[in-house]
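Structure record follows, encoded as structure tokens.
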Protein chains: 2
Amino acid sequence: MADKTLRDILQAHGLKSTFQRLSILEYLMTHETHPTAEMIHDDLSDISLATIYNTLDKLVDVGIIIVIDTLKDDKRHYDYYGEPHYHIINSNTNEIIDADNFDVAPLFEAARQVSGLNITGFHIEIYGVDPDQAK
Amino acid sequence: MADKTLRDILQAHGLKSTFQRLSILEYLMTHETHPTAEMIHDDLSDISLATIYNTLDKLVDVGIIIVIDTLKDDKRHYDYYGEPHYHIINSNTNEIIDADNFDVAPLFEAARQVSGLNITGFHIEIYGVDPDQAK
DNA sequence: AACTAAATTAGAATAATTCTAAAAGAGGGA
DNA sequence: TCCCTCTTTTAGAATTATTCTAATTTAGTT
């Protein structure tokens with residue numbers, strides 16, 4: 001992961017580059033674990049927890065990452081959002097799978113028709129269970 | 001709203017009928033406000049806040065209602081889930097619109113293909129802004 | 001190199017939600 | 001109808017993820 005690229009991403013969204021932001025962004029881009037603020041802080045322990053939260057908020061605001069807060073653990077999980085995608089959550093394990101094999105255009109159009117709004121984004125979570133488990 | 005019907009709904013999901021559960025369920029069925037626990041407690045002030053939370057958890061567990069916790073206000077909102085539907089959120093006002101003009105079957109099939117899971121449910125939030133507002 | 005607005009930080013504060021343990025109630029059976 | 005047992009309700013305390021504060025440091029520009 002070239003440092004240059006990370007700086008470019010931040011700059012493209014109007015964010016100053018700092019050691020902390022570069023580290024956190026790289027962390028999110030290279031981990032598929034959908035971590036919480038605390039999990040990031042455990043691994044990047046030189047960065048204060050306040051900065052972890054501040055930075056995550058900023059990255060969410062500009063759309064670089066998104067929040068997943070529909071898990072049962074009462075914590076916010078974060079996900080690098082380079083390309084739009086949806087989430088499949090295994091209710092047996094709470095594992096989150098990224099997927100993009102679905103065209104959201106018809107859904108956007110349906111939402112526009114109902115609401116009259118300009119659609120700007122979406123959050124989709126699909127829940128499932130292991131096929132051999134009762135529920 | 002016949003009391004009988006409310007009891008039937010609870011019973012069909014294996015929940016005992018209590019005055020508190022009947023009141024909270026009726027409240028959710030007759031309000032389109034997607035209330036928080038606190039909002040429900042404000043209106044049903046004879047019911048303790050602990051019971052509001054306990055009951056909401058139970059109703060979510062059996063699938064009678066669902067949680068919406070992707071708003072910016074850091075509170076959980078609850079929604080009667082008589083029929084499956086998705087949510088359109090106006091980012092200017094945080095208003096939540098219920099909509100069902102979209103067939104989720106293709107999305108379920110896509111998710112099944114990717115994950116191999118038995119799909120059990122979904123949460124969809126579509127975000128939009130008023131057309132005449134920049135963003 | 002200096003300047004200024006923005007970012008970082010430690011620690012305190014907040015507040016939504018959960019927990020505890022005691023009292024009340026629901027529903028089934030006799 | 002009256003127990004009986006298990007579940008539900010409750011007030012208030014406890015928890016904890018997240019936010020706030022105010023002082024320090026830093027990034028990016030002149």
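Sequence lines set the chain letters: A, B, ... in the order given, protein chains first and strands last, and positions in each chain run from 1. Only a predicted model underlies this, so the values are computations on that prediction, with no experimental measurement involved.
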(request) May I have the distance from A/H41 (atom NE2) to C/dG11 (atom P), rounded to whole angstrom? (result) 12 Å

(request) Take the protein atom CG of B/D46 and the nucleotide atom P of D/dT8, then report the distance between them rounded to whole Å. (result) 21 Å

(message) Under 4.0 Å from OP1 or OP2 of D/dT9: is there any side-chain N or O of B/T51 that close?
(response) no

Return the polar atom pairs (N/O with N/O) between nucleotides 2-4 of chain D and the protein under 3.5 Å, or none.
none

(request) Look at all strands and tell whether B/D69 reaches a base, only sugar-phosphate, or nothing, counting heavy atoms closer than 4.0 Å. (result) nothing

(message) Clusters formed by hydrophobic residues whose side-chain heavy atoms approach within less than 4.5 Å: which one holds B/I96, and what are its other members?
(response) B/I68, B/L71, B/I89, B/Y127

(request) Answer yes or no: does a side-chain N or O of A/R21 lie under 4.0 Å from OP1 or OP2 of D/dA27? (result) no

(message) Can you list everything that forms a side-chain contact (heavy atoms from CB on, under 4.5 Å) with A/Y53? Sequence neighbours excluded, please.
(response) A/A37, A/L49

(request) Starting at the 5' end of nucleotides 14-30 of chain C, put B wherever the base has a protein heavy atom under 4.0 Å, S where only the sugar-phosphate does, and a dash everywhere else. (result) --SBBB------BS---

(request) Could I get the full list of side-chain contact (heavy atoms from CB on, under 4.5 Å) partners for B/N90, not counting sequence neighbours? (result) A/L117, B/N92, B/T93, B/E95, B/D130

(request) Find the bend of the helix from C/dA1-D/dT30 to C/dA30-D/dT1 as the angle between its two terminal axes (five pairs each), to the nearest 10°. (result) 40°

(request) Take the protein atom CD1 of B/I47 and the nucleotide atom C1' of D/dT9, then report the distance between them rounded to whole Å. (result) 10 Å

(message) Suppose we screen for side-chain contact (heavy atoms from CB on, under 4.5 Å). Which residues come up paired with B/Q11, at least two apart in sequence or across chains?
(response) B/D8

Sequence neighbours excluded and cut-off under 3.5 Å, please list the side-chain donor-acceptor pairs for residues 105-113 of chain A, or say none.
{"residue": "A/E109", "atom": "OE1", "partner": "A/R112", "partner atom": "NE", "Å": "3.2"}
{"residue": "A/E109", "atom": "OE2", "partner": "A/R112", "partner atom": "NH2", "Å": "2.9"}
{"residue": "A/E109", "atom": "OE2", "partner": "A/Q113", "partner atom": "NE2", "Å": "3.2"}

(request) For C/dA7, take OP1 and OP2 only and decide whether either is under 4.0 Å from a side-chain N or O of A/K58. (result) yes

(request) Decide side-chain contact (heavy atoms from CB on, under 4.5 Å) for B/H13 and B/K58; before the verdict, give the C-alpha distance in whole Å, the side-chain angles of both, and the deciding distance to 0.1 Å. (result) CA-CA 10 Å; B/H13 290 87; B/K58 277 271 182 4; over 6 Å; no

(message) Applying side-chain hydrogen bond (donor to acceptor under 3.5 Å, both in side chains) as the test, list every pair that has at least one member in residues 38-47 of chain A; sequence neighbours left out.
(response) A/Y27-A/D43

(request) Return the set of residues passing salt bridge (Lys or Arg N to Asp or Glu O under 4.0 Å) with B/R76 (not counting sequence neighbours), or none when no residue passes. (result) A/D74

(request) Starting from P on D/dT16, measure out to CE on A/M39 and report it in whole angstrom. (result) 18 Å

(request) Not counting sequence neighbours, which residues clear side-chain contact (heavy atoms from CB on, under 4.5 Å) with B/T51? List them please. (result) B/Q20, B/I47, B/S48, B/T55

(message) What is the separation between atom CG on A/L59 and atom C1' on C/dA7, rounded to the nearest whole Å?
(response) 13 Å

(message) The criterion is ring-ring contact (aromatic ring centres under 6.0 Å, His included); which residues satisfy it with B/Y81, sequence neighbours excluded?
(response) B/H85

(request) May I ask you to check whether A/Y86 and A/N101 show a side-chain donor-acceptor distance below 3.5 Å? (result) yes

